[in-house]
Amino acid sequence: MRLSRYFLPVLKETPSEAQIVSHRLMLRAGMIKQASAGIYSWLPLGFKVLRRIEQIVHEEQIRAGHIPMLMPTLQSADLWRESGRYDDYGQEMLRIKDRHDRDMLYGPTNEELITDIFRAHVNSYKDLPLTLYHIQWKFRDEIRPRFGVMRGREFLMKDGYNFDIDKDAALHAYNRHLVSYLRSYERMGLQAIPMRADGGPIGGDYTHEFLVLAETGESEVFYDSEITDLKFGDRAVDYDSVPECQAVLEEFTSRYARTDETHDAAVFEAQVPEARRRSARGIEVGQIFYFGTKYSEAMNATVVTDTGARVPVHMGSHGIGVSRLLGAIIEASHDERGIIWPEGVTPFHAGIVNLKQGDSAADAACEGLYKAMVAKGLEPLYDDRSERAGAKFATMDLIGLPWRITVGPRGLEKGVVELTSRRSGESEEMSPEAAIDRLTQIYG
RNA sequence: CGGGGCGUGGCGCAGCUUGGUAGCGCGACGGUUUUGGGUACCGUAGGUCGUAGGUUCGAAUCCUAUCGCCCCGACCA
């Protein structure tokens with residue numbers, strides 16, 4: 001993309017409503033524009049990052065054997081009456097009437113709808129296990145939306161639902177989700193720690209929230225410092241292997257890590273040596289949940305077993321806050337000059353800065369680089385505006401592309417351009433070809 | 001919903017206490033500069049001050065209502 005033809009409305013000054021750094025930077029970098037309280041338009045740059053995150057989530061869910069689909073944002077109230085949640089959900093659910101005066105709602109989640117689909121089409125244990133998911137906009141009419149996309153009313157969420165024959169099988173689905181989530185977050189350059197969360201009315205140990213540590217997090221968390229040393233890394237886990245998934249769960253959840261909802265100071269002190277006790281703040285970016293037969297019983301979602309008995313299916317639901325992740329990533333990765341995107345989610349792979357726009361050698365070199373990168377499957381953002389060098393650097397730093405190639409007549413006389421890491425700030429001179437090779441390797 | 005605050009050119013703000021029909025910076029536009037390092041220089045245009053009532057000779061300024069937005073709290077991915 002050539003910047004002169006793109007739509008990137010960056011701001012020099014920070015709009016006054018933005019209180020936290022991710023919100024400020026998203027507004028300044030021209031990623032979002034507020035449409036109304038807690039509701040945002042996604043401008044091209046923000047939309048691009050949103051799509052990258054969504055893509056990672058899709059890839060990792062499909063890798064885990066989960067099946068993508070899409071359910072609507074608007075739902076009929078009838079299903080929710082059936083589960084009993086139409087009355088339970090309260091003011092947070094946005095209720096709407098259509099022209100025939102039928103009660104509708106903008107879905108805050110999809111347990112009812114998915115269960116309805118399941119019961120209509122699945123009748124036998126032979127069709128299990130089954131995990132369906134989608135990535136769709138949700139609406140929760142928060143009393144007080146804040147922090148930009150971190151707590152919007154409308155937000156994009158991946159929600160997945162597993163259907164299994166019994167509790168053991170459903171717990172394997174739970175473990176599988178945990179593994180796939182660890183992978184997903186690491187690909188986004190995030191460390192998200194699974195923490196024991198509030199079981200809600202169902203109770204039990206079978207829910208974990210994934211928290212990204214950040215000063216601006218809304219939850220207070222308590223954990224054993226050893227947990228931050230754990231890395232999922234490149235390991236290949238067989239998602240069909242019960243013991244392998246179980247082992248990952250045990251590795252990542254055996255140490256003390258809880259949100260304030262479940263924190264127990266006595267247990268904390270008993271289990272964790274004082275030197276390793278940490279309290280911090282965290283941003284919740286996902287949650288996994290096994291809830292048994294709560295919905296299948298209420299909504300009569302049953303299957304016939306191999307002995308001919310009809311039993312309610314065991315279910316769980318598993319969510320990743322996709323739009324919130326943009327905020328979480330920025331909170332975890334920025335400096336005073338702007339955003340620093342991890343390579344996994346960057347909107348463009350590298351920026352090309354032409355130091356002397358209008359200089360025929362520099363212009364030609366930039367064009368050449370641009371085309372060569374595109375040919376290699378890289379997506380560069382070429383700043384071809386007639387701006388001064390400083391203005392171009394400031395824009396690149398603000399929008400946070402992890403790599404920048406700087407091109408000017410002086411370097412070109414020596415046959416070199418400069419490759420700069422946004423994160424470290426370090427620059428290295430090399431030939432344009434070498435720079436492309438390096439980037440191809442990084443993004444390989 | 002309880003408490004606090006704010007709505008003034010696209011954005012950030014001043015003016016309001018002590019009414020006399022708006023001002024600054026950024027941006028935009030036009031021109032200049034052909035430009036090598038952190039957002040150039042000069043100039044121009046652009047606002048009946050959220051909205052509706054009221055008080056007054058006169059309202060951005062005072063009063064009432066209303067809408068919107070932000071912050072703290074309770075609630076949530």
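Each chain gets a letter, A, B and so on, in the order the sequences are listed, and its residues count up from 1.
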Asker: Taking the C1' atom in each of rC16(B) and rG20(B), what is the distance between them to the nearest angstrom?
Answerer: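 After rounding to an integer number of Å, I get 14 Å for this pair.
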
Asker: Find the distance Glu387(A):CD to rU39(B):C1' and express it as a whole number of Å.
Answerer: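 Roughly 7 Å, once rounded to whole Å.
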
Asker: Do the side chain of Thr216(A) and the main chain of Ile20(A) share a donor and acceptor less than 3.5 angstrom apart?
Answerer: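 No, the answer is negative, given that no donor and acceptor are paired below the 3.5 Å cut-off.
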
Asker: Examine the base of rG10(B) for any acceptor or donor lying under 3.5 Å from a partner atom in the side chain of Glu13(A), and report the outcome as yes or no.
Answerer: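 It does not, because no donor-acceptor pair links the side chain of Glu13(A) to the base of rG10(B) below 3.5 Å.
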
Asker: Any strand is fair game: report the nucleotide pairing with rG9(B) by Watson-Crick or G-U wobble, both distances under 3.5 Å, or none.
Answerer: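 Base-paired to nothing in any strand shown.
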
Asker: When the distance from CG of Asp260(A) to P of rG73(B) is rounded to whole Å, what number comes out?
Answerer: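 To the nearest whole Å, that distance equals 13 Å.
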
Asker: Once you apply the 3.5 Å cut-off to both distances, tell me the Watson-Crick or G-U wobble partner of rU66(B), or none.
Answerer: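 Across any shown strand, rU66(B) pairs with rG50(B).
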
Asker: Can you tell me how far C1' in rC62(B) sits from the matching atom in rG15(B), rounded to whole Å?
Answerer: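 The same atom, C1', in both gives a distance of 16 Å.
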
Asker: Taking only the side-chain heavy atoms of Arg388(A) (C-beta and beyond), determine which of rC76(B), rA74(B), rU33(B) contains the nearest atom.
Answerer: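 Of the candidates, rU33(B) comes closest.
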
Asker: As a test of reading the structure: which of rC69(B), rA74(B), rG37(B) is closest to the side chain of Arg144(A), going by heavy atoms?
Answerer: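 Looking only at heavy atoms from C-beta outward on Arg144(A), the closest nucleotide is rA74(B).
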
Asker: Does OP1 or OP2 of rC70(B) have a side-chain N or O of Gln34(A) closer than 4.0 Å?
Answerer: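 Affirmative; the distance criterion is met.
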
Asker: Just to be sure I understand the rule, does Glu92(A) reach a base, reach only the sugar-phosphate, or reach nothing, if contact means heavy atoms closer than 4.0 Å?
Answerer: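 The residue Glu92(A) makes sugar-phosphate contact but no base contact.
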
Asker: OP1 or OP2 of rU39(B) less than 4.0 angstrom from a side-chain nitrogen or oxygen of Lys12(A), does that happen here?
Answerer: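 The answer is no; no side-chain N or O of Lys12(A) sits under 4.0 Å from OP1 or OP2.
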
Asker: Can you measure Phe139(A) atom CZ to rC76(B) atom P for me and round it to whole angstrom units?
Answerer: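 So the CZ-P distance, Phe139(A) to rC76(B), works out to 17 Å.
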
Asker: Is there a side-chain contact between Leu439(A) and Met373(A) (heavy atoms, below 4.5 Å)?
Answerer: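 They are in side-chain contact.
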
Asker: rC13(B) and rU8(B): how far apart are their P atoms, nearest whole angstrom?
Answerer: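 rC13(B) and rU8(B) have their P atoms separated by 9 Å.
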
Asker: With sugar-phosphate meaning primed atoms plus P, OP1 and OP2, does Arg385(A) contact a base, only sugar-phosphate, or nothing at under 4.0 Å between heavy atoms?
Answerer: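 Nothing: the residue Arg385(A), judged by heavy atoms under 4.0 Å, touches no strand.
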
Asker: Can you figure out which of rC1(B), rG37(B), rC26(B) approaches the side chain of Leu355(A) most closely?
Answerer: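 Nearest listed nucleotide: rG37(B).
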
Asker: Identify which one of Lys158(A), Arg176(A), Gln61(A), Gln287(A) satisfies the side chain to side chain donor-acceptor pair (under 3.5 Å) criterion when paired with Tyr181(A).
Answerer: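 One option only clears the test, and that one is Lys158(A).
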
Asker: Is there a Watson-Crick or G-U wobble partner for rG27(B) with both distances under 3.5 Å, and which nucleotide is it?
Answerer: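 Across all strands, not a single nucleotide pairs with rG27(B).
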
Asker: Using the P atom as the point on both nucleotides, what is the distance between rG27(B) and rU61(B), in whole Å?
Answerer: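 So the two P atoms sit 31 Å from each other.
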
Asker: Let me spell it out: for each of Gly358(A) and Ser427(A), pick the nucleotide of RNA chain B with the closest heavy atom. Which residue's pick is nearer the 5' end?
Answerer: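 First, find each residue's nearest nucleotide; the 5'-ward one identifies Gly358(A).
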
Asker: Counting N and O atoms only, with roles assigned by atom type, does the side chain of Arg404(A) sit under 3.5 Å from a partner on the main chain of Ile352(A), one being a donor and the other an acceptor?
Answerer: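 No.
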
Asker: Roughly how many Å apart are rC1(B) and rC41(B), using the P atom of each and rounding to a whole number?
Answerer: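 That atom pair is separated by 49 Å.
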
Asker: Taking only the side-chain heavy atoms of Ile143(A) (C-beta and beyond), determine which of rC71(B), rG73(B), rG37(B) contains the nearest atom.
Answerer: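 Closest nucleotide to the Ile143(A) side chain: rG73(B).
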
Asker: In whole angstrom, give the distance that lies between atom CD of Gln357(A) and atom P of rG37(B).
Answerer: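 Roughly 16 Å, once rounded to whole Å.
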
Asker: Regarding Gly148(A), tell me which of base, sugar-phosphate or nothing describes its non-hydrogen contacts under 4.0 Å with the strands shown.
Answerer: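 Counting heavy atoms under 4.0 Å across all strands, no contact is made by Gly148(A).
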
Asker: Taking CG from Leu94(A) and P from rC76(B), how many angstroms apart are they, rounded to a whole number?
Answerer: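 Atom CG in Leu94(A) sits about 18 Å away from atom P in rC76(B).
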
Asker: In terms of side-chain heavy atoms of Arg28(A), which of rC69(B), rC76(B), rU39(B) is nearest?
Answerer: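 In terms of side-chain proximity for Arg28(A), the closest of rC69(B), rC76(B), rU39(B) is rU39(B).
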
Asker: Considering only atom C1', compute the distance from rU34(B) to rG25(B) and round it to an integer number of Å.
Answerer: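 The same atom, C1', in both gives a distance of 28 Å.
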
Asker: If the P atom of rA60(B) is compared with that of rG7(B), how far apart are they to the nearest Å?
Answerer: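 These two P atoms come out 15 Å apart once rounded.
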
Asker: Please determine, for the side chain of Lys356(A), which listed nucleotide (rC69(B), rG37(B), rU34(B)) has the closest atom?
Answerer: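 Of the candidates, rU34(B) comes closest.
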
Asker: What's Ala391(A) touching, base or sugar-phosphate or nothing? Going by heavy atoms closer than 4.0 Å.
Answerer: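 The residue Ala391(A) makes base contact.
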
Asker: Partner of rU32(B) by Watson-Crick or G-U wobble geometry, both contacts under 3.5 Å, or none?
Answerer: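 Per the H-bond distance test, rA40(B).
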
Asker: Just to be sure I understand the rule, does Gly319(A) reach a base, reach only the sugar-phosphate, or reach nothing, if contact means heavy atoms closer than 4.0 Å?
Answerer: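 Answer is nothing: Gly319(A) stays at 4.0 Å or more from every strand.
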
Asker: With a 4.0 Å cut-off on heavy atoms, is Thr109(A) in touch with a base, just the backbone sugar-phosphate, or nothing at all?
Answerer: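 The residue Thr109(A) makes no contact with any strand.
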
Asker: Taking the C1' atom in each of rG9(B) and rA22(B), what is the distance between them to the nearest angstrom?
Answerer: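 That atom pair is separated by 11 Å.
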
Asker: What is the distance from CZ of Arg24(A) to P of rC70(B), rounded to the nearest Å?
Answerer: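 Spelled out: CZ on Arg24(A) to P on rC70(B) is 15 Å.
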
Asker: So, do Ile405(A) and Val353(A) sit near enough that their side-chain heavy atoms are less than 4.5 Å apart?
Answerer: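 No, side chains not in contact.
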
Asker: So which nucleotide from rG27(B), rC70(B), rU35(B) ends up closest to the side chain of Ala37(A)?
Answerer: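 In terms of side-chain proximity for Ala37(A), the closest of rG27(B), rC70(B), rU35(B) is rC70(B).
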
Asker: Distance only, no hydrogens: is a donor on one side chain within 3.5 Å (strictly under) of an acceptor on the other, for Arg119(A) and Tyr295(A)?
Answerer: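 No pair is found: no donor N or O on one side chain lies under 3.5 Å from an acceptor on the other.
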
Asker: Is there a donor on the side chain of Arg151(A) or the base of rC76(B) sitting less than 3.5 Å from an acceptor on the other?
Answerer: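 Such a pair is found, so the answer is yes.
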
Asker: For Ser323(A), report the nucleic acid contact type (base, sugar-phosphate, nothing); a contact means any heavy atom under 4.0 Å.
Answerer: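 No contact.
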
Asker: Would a 4.5 Å heavy-atom cut-off, applied to side chains only, mark Ile67(A) and Thr131(A) as touching?
Answerer: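 No. Closest side-chain heavy atoms not under 4.5 Å.
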
Asker: Over all strands shown, is Pro409(A) touching base, sugar-phosphate only, or nothing at heavy-atom distances under 4.0 angstrom?
Answerer: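 Here Pro409(A) touches the bases of the nucleic acid.
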
Asker: Figure out the CD/P separation between Glu220(A) and rC75(B), and round it to whole Å.
Answerer: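 The answer, rounded to whole Å, is 14 Å.
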
Asker: What is the distance, rounded to the nearest whole Å, between atom CG of Leu11(A) and atom P of rG12(B)?
Answerer: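 That distance rounds to 8 Å.
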
Asker: Name the pairing partner of rC57(B), where a pair is Watson-Crick or G-U wobble with both distances under 3.5 Å, or state none.
Answerer: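 Base partner found: rG20(B).
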
Asker: Find which nucleotide of RNA chain B each of Ser36(A) and Glu209(A) is nearest to by heavy atoms, and output the residue with the more 5' nucleotide.
Answerer: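 The residue closer to the strand's 5' end, by nearest nucleotide, is Ser36(A).
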
Asker: Is the backbone N or O of Gly84(A) less than 3.5 Å from a side-chain atom of Tyr89(A), with the two atoms forming a donor-acceptor pair by type?
Answerer: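 Absent.
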
Asker: On the ring face of Phe348(A), is Lys48(A) found with NZ or CZ under 6.0 Å from the centre and within 45° of the axis?
Answerer: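 Yes - Lys48(A) lies over the ring of Phe348(A), closer than 6.0 Å to its centre and within 45° of its axis.
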
Asker: How would you label the contact of Glu336(A) with the nucleic acid (heavy atoms, under 4.0 Å): base, sugar-phosphate, or nothing?
Answerer: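 Nothing, no nucleic acid heavy atom in range.
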
Asker: Under a 3.5 Å cut-off for both distances, is rC76(B) Watson-Crick or wobble paired, and to whom?
Answerer: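 Partner of rC76(B): none.
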
Asker: When you get a sec, tell me which of rC76(B), rC71(B), rU39(B) is the closest nucleotide to the side chain of Arg146(A)?
Answerer: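 Among the listed nucleotides, the one closest to the side chain of Arg146(A) is rC71(B).
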
